[in-house]
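Chain identifiers are assigned alphabetically (A, B, ...) following the order of the sequence lines, protein sequences preceding nucleic acid strands; residue numbering begins at 1 within each chain. What's counted below: heavy atoms across the whole structure, side chains too, no hydrogens, waters or symmetry copies.
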Number of protein chains: 2
Amino acid sequence: MNQKVIDATVQKALEQFKAIDEKITHYSSIIGLVDWDQKVMAPKKGRSVFAKATGTLRTEVFKLSVSQEMGNLLETLSSQENFKILDGVTKAKVREYKEYYQKSKSIPANLFQEYSILTAQANDAWEEARENNDFAHYLPALEKIVDFKRKFAEIYGYEDHPYDALLDEFEPGLTVKRLDPLFAKLRESSVKLLERIQQYGKPTQVEVFDQSFDIEKQKEFNRFILPIIGFDMEAGRLDETVHPFAQTVNIGDVRLTTRYLEKNVRSALFGTIHEAGHGIYEQHVNPEYEDSVLQSGASFGIHESQSRFLENMVGRSMEFWKFFFPKLQEYFPKQLENVSIEEFYRAVNTVEPSFIRVEADELTYNLHIMLRYEIEKALIGGEIEAKDLPAIWNQKMQDYLGITPSNDTVGVLQDVHWSFGGIGYFPSYSLGNLYAAQILRTIQKDLPDFSQHIESGRFDLIQEWLKENIHQYGRLYTPNELIVRVTGEELNADYLVEYLEKKYARVYGL
Amino acid sequence: MNQKVIDATVQKALEQFKAIDEKITHYSSIIGLVDWDQKVMAPKKGRSVFAKATGTLRTEVFKLSVSQEMGNLLETLSSQENFKILDGVTKAKVREYKEYYQKSKSIPANLFQEYSILTAQANDAWEEARENNDFAHYLPALEKIVDFKRKFAEIYGYEDHPYDALLDEFEPGLTVKRLDPLFAKLRESSVKLLERIQQYGKPTQVEVFDQSFDIEKQKEFNRFILPIIGFDMEAGRLDETVHPFAQTVNIGDVRLTTRYLEKNVRSALFGTIHEAGHGIYEQHVNPEYEDSVLQSGASFGIHESQSRFLENMVGRSMEFWKFFFPKLQEYFPKQLENVSIEEFYRAVNTVEPSFIRVEADELTYNLHIMLRYEIEKALIGGEIEAKDLPAIWNQKMQDYLGITPSNDTVGVLQDVHWSFGGIGYFPSYSLGNLYAAQILRTIQKDLPDFSQHIESGRFDLIQEWLKENIHQYGRLYTPNELIVRVTGEELNADYLVEYLEKKYARVYGL
């Protein structure tokens with residue numbers, strides 16, 4: 001075959017690949033919008049009918065992604081001689097689709113259908129079990145899901161640990177071998193730090209939050225801070241929902257949701273900052289990746305790093321409140337007139353072991369994740385069985401947090417993830433914290449005035465740095481490539497450990 | 001061929017037809033939702049990007065509708081021996097798709113593409129022309145559109161008048177021969193009635209509307225009346241927009257929009273009632289037509305009859321305000337304390353010739369339509385040319401309404417319709433009024449207490465009647481079939497003429 005013939009074939013494949021990528025991305029962006037709509041806007045009676053319509057479009061996206069055409073295109077473009085001549089952007093796109101194609105194709109159709117029906121039903125079983133504190137009701141479904149996931153892991157393949165095959169779905173390339181030492185270090189230091197806080201910490205005054213904060217005023221304050229911290233309101237929205245989330249429609253349309261509680265001003269406040277971290281990431285993706293699979297974040301973990309960086313490392317810092325606390329006092333003069341900024345700062349950073357992950361503070365949060373990670377790993381590795389979970393859960397809660405859940409509803413039944421088959425998802429949350437601390441260290445070197453910027457409410461240089469170094473690349477790099485590129489080294493738990501030590505030494509006067 | 005073989009073929013075709021109908025309907029319902037979203041919710045910067053995504057889905061719907069598969073299915077199902085054994089619902093679906101398929105297939109692809117580009121560009125030319133009062137700037141595009149439409153009419157085919165081929169797109173089966181006498185009668189009687197009102201009418205007091213009405217209060221009042229008049233708020237929404245419309249997502253999700261003006265309380269009020277008429281129609285469609293092309297109204301004209309029936313025949317009646325005026329006074333005590341219900345009723349029914357169609361009153365509105373109908377008919381018939389329009393427009397305005405537009409911006413340039421090729425659309429508006437008056441006559445016979453129901457704010461029996469006789473059928477019947485079925489006779493202008501005579505005799509003391 002001469003070079004010219006190859007070129008023409010590749011050229012044609014590239015054009016077709018671009019077209020199918022665009023179509024899948026367009027449909028996905030529509031699905032994103034309508035998902036948001038159904039949660040935030042749609043009237044009650046239309047939702048079940050509309051679910052069929054979105055189901056049809058979702059099926060189409062799946063069919064396109066695993067189509068014969070896609071298979072042929074991927075084969076052509078990822079052949080040894082062709083792949084090397086592709087540009088970096090196309091390589092990344094081929095990588096993404098190939099990953100999904102191979103995984104999807106590897107599962108026999110009948111197995112996948114059984115699994116889909118199971119996870120649809122498991123959600124109901126889980127909801128009922130949680131409501132009635134009845135783990136046994138959920139157990140049969142959970143056992144089947146674990147079986148499926150064990151099978152999938154074998155089918156996908158792995159080098160060392162079957163759990164690697166599942167981790168890879170959420171954090172491409174991550175393995176137990178890499179993760180174990182990172183999490184072990186974080187767990188050990190967090191447990192010790194928690195003990196020190198409980199033994200020697202100077203108590204914080206959380207009574208400031210035991211007051212009513214007018215919801216309309218909360219809304220105004222949330223809308224006030226969003227543009228200041230870098231969220232472009234002309235390229236997004238902020239709405240209300242019961243379970244807050246961020247939904248990207250496209251680079252110019254990123255939708256945040258939050259939940260306002262009169263008796264808990266922190267809920268919307270830090271929820272909004274958290275979702276803004278996700279949202280700003282997506283607003284900053286290179287417009288050239290529009291209409292392509294790269295128009296998204298690098299991984300669940302990297303995405304979470306951006307929300308947690310903004311929520312915790314920025315949003316719970318003294319510098320942040322030096323700027324925003326006087327404004328907050330203007331919105332809520334009565335509630336905050338006798339509160340000092342020091343009291344407020346320490347109150348928002350209060351550490352308190354609790355049963356529920358999503359309500360946990362910045363320190364104990366990771367211990368909730370460690371527990372889940374260890375359980376998932378042992379489940380998939382076949383060392384434990386689903387029926388053992390309540391006992392193991394409660395034991396680990398006692399070991400790490402020093403408390404034992406009073407029942408399974410606030411214990412092993414609290415999270416939805418396993419019911420939809422999301423085993424391998426939980427580590428992303430703590431990975432986000434690890435990445436964020438490592439990124440924080442780098443940004444502080446690059447921007448020596450980092451703290452002063454925050455203190456004076458100037459977030460432009462910080463956001464510019466994040467855009468330049470992380471956000472703009474969308475899904476171009478794998479998470480490992482990205483963190484090495486940004487920080488000069490692979491993920492390292494030291495930064496988060498040091499950050500937490502230093503922060504709580506300050507907060508609790510250790 | 002034996003019967004058994006035929007049955008199996010038809011059976012298979014029916015299954016495939018159901019699947020493709022469902023897919024097209026699902027996609028159309030998604031397009032409906034995202035169109036609403038882009039107008040009402042989407043942030044500014046995302047819209048142009050998202051337009052590409054919806055473009056992709058729209059193209060898919062078009063491709064499915066004119067696909068080889070659709071062609072084969074329609075051929076099988078509409079063959080003489082097969083069609084007759086289909087049930088009525090399937091017959092109607094075949095009728096709908098066949099109509100669209102044949103029209104779309106009859107236009108050569110290159111011609112259609114040229115036309116699509118032209119109408120996309122014409123919109124800009126029209127907008128600029130209107131803004132700068134520069135008809136000459138719009139003329140070249142308009143001339144080309146008229147040329148295309150003349151060609152399309154020849155391609156589609158017609159019996160008597162080329163305009164019939166275009167009318168048919170909006171009101172299936174309607175012809176110039178049927179419409180001319182209806183509109184002539186309406187025009188002549190309206191012109192005379194207008195003269196009598198102007199000569200002998202007792203002036204109304206419109207000063208009541210020259211006041212400020214707090215927008216938040218207006219919103220509350222609009223939300224207050226919607227459920228009372230029959231709009232199910234659990235199967236719909238009410239939002240704000242610059243150009244109000246109703247958008248159906250599905251039977252359980254119908255979205256109305258309205259526009260609040262502090263200085264014009266009538267704008268949102270009657271706008272909302274009008275859109276509610278469209279919306280209630282769609283909420284009442286037989287749930288069995290969900291996921292099918294029949295999940296919609298019978299035609300533009302029939303749809304408009306439902307909005308105008310509710311807005312004008314109900315919403316501008318004395319009975320309506322006997323119930324609602326005391327409530328409106330509670331919302332706006334200061335503005336309405338010295339206004340009697342008689343004054344208010346007469347004020348909302350004030351007749352005043354004006355330049356702009358969308359602001360016209362119930363009587364002169366039809367004259368705006370007559371003028372457009374006559375111009376369109378003569379344009380397509382080749383009796384006049386686009387360049388003659390400003391002069392003809394102004395002459396007809398003088399003849400029918402006794403006023404001449406001061407410039408083309410408030411004359412021939414005011415409407416968007418021709419720029420998107422919607423020649424044949426305008427008659428729907430007056431058809432709506434004609435249908436509505438004929439339906440009113442029938443409902444008054446069937447429900448002798450019609451007026452008392454309205455007067456006491458009980459709309460359930462009226463809406464039940466509309467649902468039973470019209471709404472539930474969705475697109476099952478052609479408009480002519482439907483009106484004969486409901487009222488026992490073909491469309492007849494007498495009812496609207498009599499209704500207007502009687503109404504304005506009362507309002508103006510003639």
Side-chain angles (χ1 to χ4, degrees), chain A residues 19-20 22-38 40-61 64 231-239 247-256 279 282-283 285 287 289-291 295, chain B residues 19-20 22-38 40-61 64 231-239 247-256 279 282-283 285 287 289-291 295:
Chain A
I20 199 169
E22 216 168 85
K23 194 167 188 179
I24 290 174
T25 307
H26 284 165
Y27 285 179
S28 303
S29 133
I30 290 173
I31 291 170
L33 188 155
V34 300
D35 276 351
W36 171 87
D37 178 273
Q38 296 299 297
V40 180
M41 292 290 160
K44 202 164 82 172
K45 290 184 184 168
R47 283 179 225 150
S48 61
V49 185
F50 198 74
K52 288 187 283 176
T54 21
T56 300
L57 194 56
R58 268 183 233 281
T59 305
E60 189 70 21
V61 168
L64 287 168
F231 185 78
D232 180 352
M233 291 299 284
E234 289 190 349
R237 300 178 48 95
L238 174 66
D239 294 275
Q247 178 68 57
T248 300
V249 176
N250 57 54
I251 297 166
D253 186 352
V254 178
R255 306 185 181 192
L256 314 181
E282 303 261 346
Q283 286 183 336
V285 171
Y289 303 164
E290 236 173 56
D291 307 320
Q295 175 208 301
Chain B
I20 200 169
E22 216 168 84
K23 194 168 189 180
I24 290 174
T25 307
H26 284 165
Y27 286 179
S28 303
S29 134
I30 291 173
I31 290 170
L33 187 155
V34 300
D35 276 351
W36 171 88
D37 178 272
Q38 296 300 296
V40 180
M41 292 290 160
K44 203 165 82 172
K45 290 183 183 170
R47 285 179 224 149
S48 62
V49 184
F50 198 73
K52 290 188 281 176
T54 20
T56 300
L57 194 56
R58 269 183 233 281
T59 305
E60 189 69 21
V61 169
L64 287 168
F231 185 78
D232 180 352
M233 291 298 284
E234 289 191 348
R237 300 179 47 96
L238 174 66
D239 294 276
Q247 177 69 56
T248 299
V249 175
N250 57 52
I251 296 166
D253 185 350
V254 178
R255 306 185 181 192
L256 313 181
E282 304 260 348
Q283 287 183 336
V285 170
Y289 303 165
E290 237 174 55
D291 307 320
Q295 176 207 302

Mind checking side chain to side chain contact (heavy atoms under 4.5 Å, CB included) for B:Ile24 and listing every partner two or more places apart, or none if nothing turns up?
B:Ile20, B:Ser28, B:Val61, B:Leu64, B:Ser65, B:Met70, B:Tyr97
Non-hydrogen atoms of chain B under 4.5 Å away: do they reach the side chain of A:Phe50, the backbone, both or neither?
both
Heavy-atom contact with chain B under 4.5 Å, split by part of A:Arg47:
neither
Cut-off 4.5 Å, heavy atoms of chain B, and the answer for A:Gln295 is neither
Side chain, backbone, both or neither: which part of A:Leu33 has a non-hydrogen atom closer than 4.5 Å to chain B?
side chain
Across all chains, not counting sequence neighbours, the side-chain hydrogen bond (donor to acceptor under 3.5 Å, both in side chains) partners of A:Asp232 are B:Lys45
Between A:Leu57 and B:Leu57, does a side-chain contact (heavy atoms from CB on, under 4.5 Å) hold up when you go through it step by step?
CA-CA 10 Å; A:Leu57 194 56; B:Leu57 194 56; 3.9 Å; yes
Nearest atoms (heavy-atom pairs only) where B:Met41 meets A:Arg237:
O-NH1, 2.8 Å
Does some side-chain heavy atom of B:Val34 sit less than 4.5 Å from a side-chain heavy atom of A:Ile30?
yes
Largest heavy-atom contact set with chain B, pairs under 4.5 Å, which of A:Ser48, A:Gly252, A:Ser29, A:Ala235
A:Gly252
Heavy-atom cut-off 4.5 Å, strictly under: side chain, backbone, both or neither for A:Glu290 against chain B?
side chain
Chain B heavy atoms under 4.5 Å from A:Val49: which part of the residue, side chain, backbone, both or neither?
both
Name the member of B:Gly46, B:Pro287, B:Gly55 that forms the most heavy-atom pairs with chain A at distances under 4.5 Å.
B:Gly46
